[in-house]
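Reviewing the structure listed below.
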Amino acid sequence: MSDEPLITPVQLQRTQIDADQELLRDEDLLNEEHLRRMDQVLLRRNLDHARMFSRKLSLELQQFVHLYTPEANELRRRIEKYMVMERMIEREMARRHTY
């Protein structure tokens, strides 16, 4: 008998969830040069994702977190970061006249 495995690993196609997890990279979306090089479709998807995520964090802040806890301050910081991303993406789309 040889030492080869009976089952060979299969390369699976990337799922949409995997693609979406790689979609929003904070450091890329806060970099104007990277936004300029980004494809129009990807730019729009990142804008939608940033909007949905900031709204989700806002809802979480309103409903589940006491307003004066450190967790609330962290949520506010994250919301502000995503709002900055939204504005930067919107500015790039306006520059391209595609918004």
Discussion item. So, using salt bridge (charged side-chain N to carboxylate O under 4.0 Å, His left out) as the criterion, who are the partners of R77 when residues are at least two apart?
Written reply: E74

Worksheet entry | For R36 against R96, the heavy-atom pair lying closest together | O-NH2, 3.0 Å

Item to complete: Mind checking salt bridge (charged side-chain N to carboxylate O under 4.0 Å, His left out) for R76 and listing every partner two or more places apart, or none if nothing turns up?
Response: none

Worksheet item: Under a 4.5 Å cut-off applied to non-hydrogen side-chain atoms, are D48 and R44 in contact?
Response: yes

Worksheet entry | Test: E60 and R55 ion pair at under 4.0 Å | no

Fill in: From CG (N73) to CZ (R78), nearest 0.5 Å
13.5 Å

Worksheet item: Which distance, rounded to the nearest 0.5 Å, do you find between the CD1 of I79 and the OG of S54?
Response: 7.5 Å

Worksheet entry | Ionic contact status for E90 with R87, cut-off 4.0 Å | no

Worksheet item: At their closest point, which heavy atom of E86 faces which heavy atom of A50, and how far apart are they?
Response: OE2-O, 3.7 Å

Item to complete: Could you pull out the closest heavy-atom pair between L43 and I89, with the gap in Å?
Response: O-CG2, 3.7 Å

Discussion item. Using every non-hydrogen atom in the two residues, find where V41 and D39 come nearest and quote the distance to one decimal.
Written reply: N-OD2, 3.0 Å

Discussion item. Does Q63 form a side chain to side chain contact (heavy atoms under 4.5 Å, CB included) with L59? I'd like the steps, not just the answer.
Written reply: CA-CA 6 Å; Q63 292 184 348; L59 182 65; 3.4 Å; yes

Worksheet item: Quick one: CG on L75 to CD on E80, what's the gap to the nearest 0.5 Å?
Response: 13.5 Å

Response to the item:
Here the gap from M85 atom CE to R51 atom CZ, rounded to the nearest 0.5 Å, amounts to 14.0 Å

Worksheet item: Quick one: do L47 and M52 end up in the same hydrophobic cluster if we chain Ile, Leu, Val, Met, Phe, Trp and Tyr together by side-chain heavy atoms under 4.5 Å apart?
Response: no

Practice prompt. Look up atom CZ in F53 and atom CE in M83, then write down how far apart they are to the nearest 0.5 Å.
Written response: 14.5 Å

Fill in: Sub-4.5 Å side-chain heavy-atom contact between M38 and H34
yes

Worksheet item: Roughly how far, to the nearest 0.5 Å, is the CD atom of Q40 from the CD atom of E92?
Response: 8.5 Å

